[in-house]
Amino acid sequence: AKAPHQTKQILMHSYMLNSIAEKYDMIIRARWDLLLKNESIPFERFIEESKQQNKAIGFSRKLSSNHGPYWSAKNTHRHNWWEGFLMDLMIIHPRNLFNHEKMWELHNSKKLLAAEFGWYQVLSDGNHDCYFAEMNMTSRDGYY
């Protein structure tokens, strides 16, 4: 297997959700090495949109200086790639959107996909958004 451990982040997310109080209805999951480079990104708006539309919103690093601090992946040259893919540097989602049963079914049948594709399987079914934003992974991008 090319990425034998990249589903573990999804399994651990399931365990984490089961271990925190039910009163937390919105979840923000971020990589351990996430660096937010622009404080003007309107995360409050994204949280509200995720809650109101019962959808996951995923973020990836912005590789261009165009479009301000963030922009939607919809209608870009990456649109087709985005359809079965939930960007995962940061993911905002309603707690009840995460499908534990489906995740374990996929895992046990060895059909849970790695990383962004697996997040899509358990958090989307086509109802999600992805954004490029001014953020980086310190472990990969030369930050210490």
Side-chain angles (χ1 to χ4, degrees), residues 1-21 24-107 110-144:
K2 183 178 178 183
H5 301 291
Q6 289 187 327
T7 60
K8 289 181 180 175
Q9 61 182 314
I10 301 167
L11 301 177
M12 293 310 299
H13 192 71
S14 177
Y15 285 124
M16 185 272 312
L17 289 175
N18 288 330
S19 72
I20 61 173
Y24 298 106
D25 63 344
M26 290 301 297
I27 305 298
I28 300 172
R29 178 256 179 215
R31 280 183 56 108
W32 65 273
D33 60 345
L34 182 70
L35 172 66
L36 295 176
K37 294 172 58 179
N38 191 318
E39 293 182 19
S40 72
I41 299 168
F43 289 111
E44 296 85 3
R45 181 181 73 81
F46 290 121
I47 293 166
E48 191 61 28
E49 180 180 334
S50 174
K51 184 176 188 173
Q52 294 302 318
Q53 296 181 25
N54 199 40
K55 68 179 178 183
I57 300 177
F59 296 87
S60 187
R61 63 187 177 160
K62 185 176 120 148
L63 300 175
S64 166
S65 61
N66 298 332
H67 310 294
Y70 68 94
W71 77 90
S72 174
K74 283 183 182 176
N75 302 316
T76 68
H77 68 285
R78 299 215 184 235
H79 183 72
N80 291 336
W81 157 82
W82 168 82
E83 287 299 324
F85 191 93
L86 179 59
M87 293 173 174
D88 69 350
L89 289 191
M90 177 186 287
I91 299 172
I92 298 170
H93 71 87
R95 178 192 191 113
N96 64 0
L97 191 63
F98 189 89
N99 191 331
H100 299 271
E101 185 176 304
K102 182 178 182 181
M103 183 211 65
W104 284 112
E105 184 180 301
L106 290 166
H107 172 72
K110 302 195 181 313
K111 293 180 181 174
L112 182 61
L113 299 175
E116 293 90 349
F117 301 100
W119 287 112
Y120 175 85
Q121 288 177 296
V122 299
L123 280 172
S124 180
D125 281 337
N127 181 30
H128 73 285
D129 278 317
C130 291
Y131 287 87
F132 295 99
E134 288 184 349
M135 54 179 63
N136 287 90
M137 299 170 282
T138 60
S139 66
R140 292 188 189 171
D141 297 330
Y143 296 92
Y144 299 97

With heavy-atom distances below 4.5 Å as the criterion, would you say the side chains of [X] and [Y] are in contact?
X	Y	answer
Pro94	Asp25	no
His13	Met16	yes
Ile92	Phe59	yes
Leu123	His128	no
Phe98	Ile27	no
Arg29	Asp88	yes
Ile10	Gln121	no
Arg31	Met135	no

How far does [atom1] of [X] sit from [atom2] of [Y], to the nearest 0.5 angstrom?
X	Y	atom1	atom2	answer
His107	Leu113	NE2	CG	13.0 Å
Leu112	Trp119	CG	CH2	9.5 Å
Met90	Phe43	CE	CZ	4.5 Å

Over all atoms of both residues, closest heavy-atom pair of [X] and [Y]:
X	Y	answer
Cys130	Leu86	SG-CA, 4.0 Å
Ile57	Phe46	CD1-O, 3.4 Å
Ser14	Trp104	OG-NE1, 3.8 Å
Ala56	Leu97	N-CD2, 3.4 Å

Using ring centroids (six-membered ring only for Trp), state whether Tyr70 and Phe132 fall under 6.0 Å.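 Centroid separation for Phe132 and Tyr70: 6.0 Å or greater.
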State whether Glu49 and Lys55 are salt-bridged, where the test is any N-O pair (Lys NZ or Arg NE/NH1/NH2 against Asp/Glu carboxylate O) under 4.0 Å. yes
Set of side-chain hydrogen bond (donor to acceptor under 3.5 Å, both in side chains) partners for Glu44, sequence neighbours left out: none
State which residues pass side-chain hydrogen bond (donor to acceptor under 3.5 Å, both in side chains) with Asn127; sequence neighbours excluded, sorted by chain then number.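 Applying side-chain hydrogen bond (donor to acceptor under 3.5 Å, both in side chains) to Asn127 gives none.
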For Gln6, does its backbone N or O pair with a side-chain atom of Gln9 as donor and acceptor, under 3.5 Å? yes
Give a yes or no answer on whether the side chain of Arg61 reaches the backbone of Met137 with a donor-acceptor pair at less than 3.5 Å. no
